[in-house]
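What follows is one structure encoded as C-alpha cells, with my remarks underneath.
The basis for the numbers below is simple: all heavy atoms, side chains too, and nothing from hydrogens, waters or symmetry mates.
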Amino acid sequence: MRYEEKLQQQVTRLEREILQLRKLLISHGLHDRKKAERAWQKLLAASEEISQRWSGPSAVEEIRHQREK
C-alpha cells in the first residue's frame, strides 16, 4: 500500500472518530455548552490543518478509486 493511501485512510478514520465524538457530546447534553463549542471549533481547526497539509489524492479521487475496486 502506498504511503498516500495509508495517510488517506488515517485521515478518513480521524474524520469518522471526530464525528463520533461530536455525536457523543451532543447525546450526553454537556452542561457547559461554551466549552463544548470551543472543543468543537478546535477539532474543526485541526481538521482544516490536516486538509491543508494533505498532499495525497482528493476525497473525490479516493472515492472513485474505491468504487473501481
Partners passing salt bridge (Lys or Arg N to Asp or Glu O under 4.0 Å) against [X] (at least two apart in sequence or in another chain):
X     : result
Glu4  : Arg2
Glu49 : Arg53
Arg67 : none

side-chain contact (heavy atoms from CB on, under 4.5 Å) partners for Gln52, two or more places apart: Glu48
What residues, two or more places apart in sequence or in another chain, satisfy side-chain contact (heavy atoms from CB on, under 4.5 Å) together with Arg64?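 Per chain and number, Arg64 pairs via side-chain contact (heavy atoms from CB on, under 4.5 Å) with Val60.
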Give the table of side-chain donor-acceptor pairs shorter than 3.5 Å for residues 11-25, with sequence neighbours excluded, one pair per line with atom names and distance.
residue: Thr12; atom: OG1; partner: Gln8; partner atom: O; Å: 2.9
residue: Thr12; atom: OG1; partner: Gln8; partner atom: NE2; Å: 3.2

Going by side chain to side chain donor-acceptor pair (under 3.5 Å), name the residues that satisfy it together with Glu68, two or more places apart in sequence or in a different chain.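 With neighbours one apart ignored, the set is empty.
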side-chain hydrogen bond (donor to acceptor under 3.5 Å, both in side chains) for Gln9 and Glu5? Distances and angles first, verdict last. CA-CA 6 Å; Gln9 286 178 354; Glu5 290 171 348; over 6 Å; no
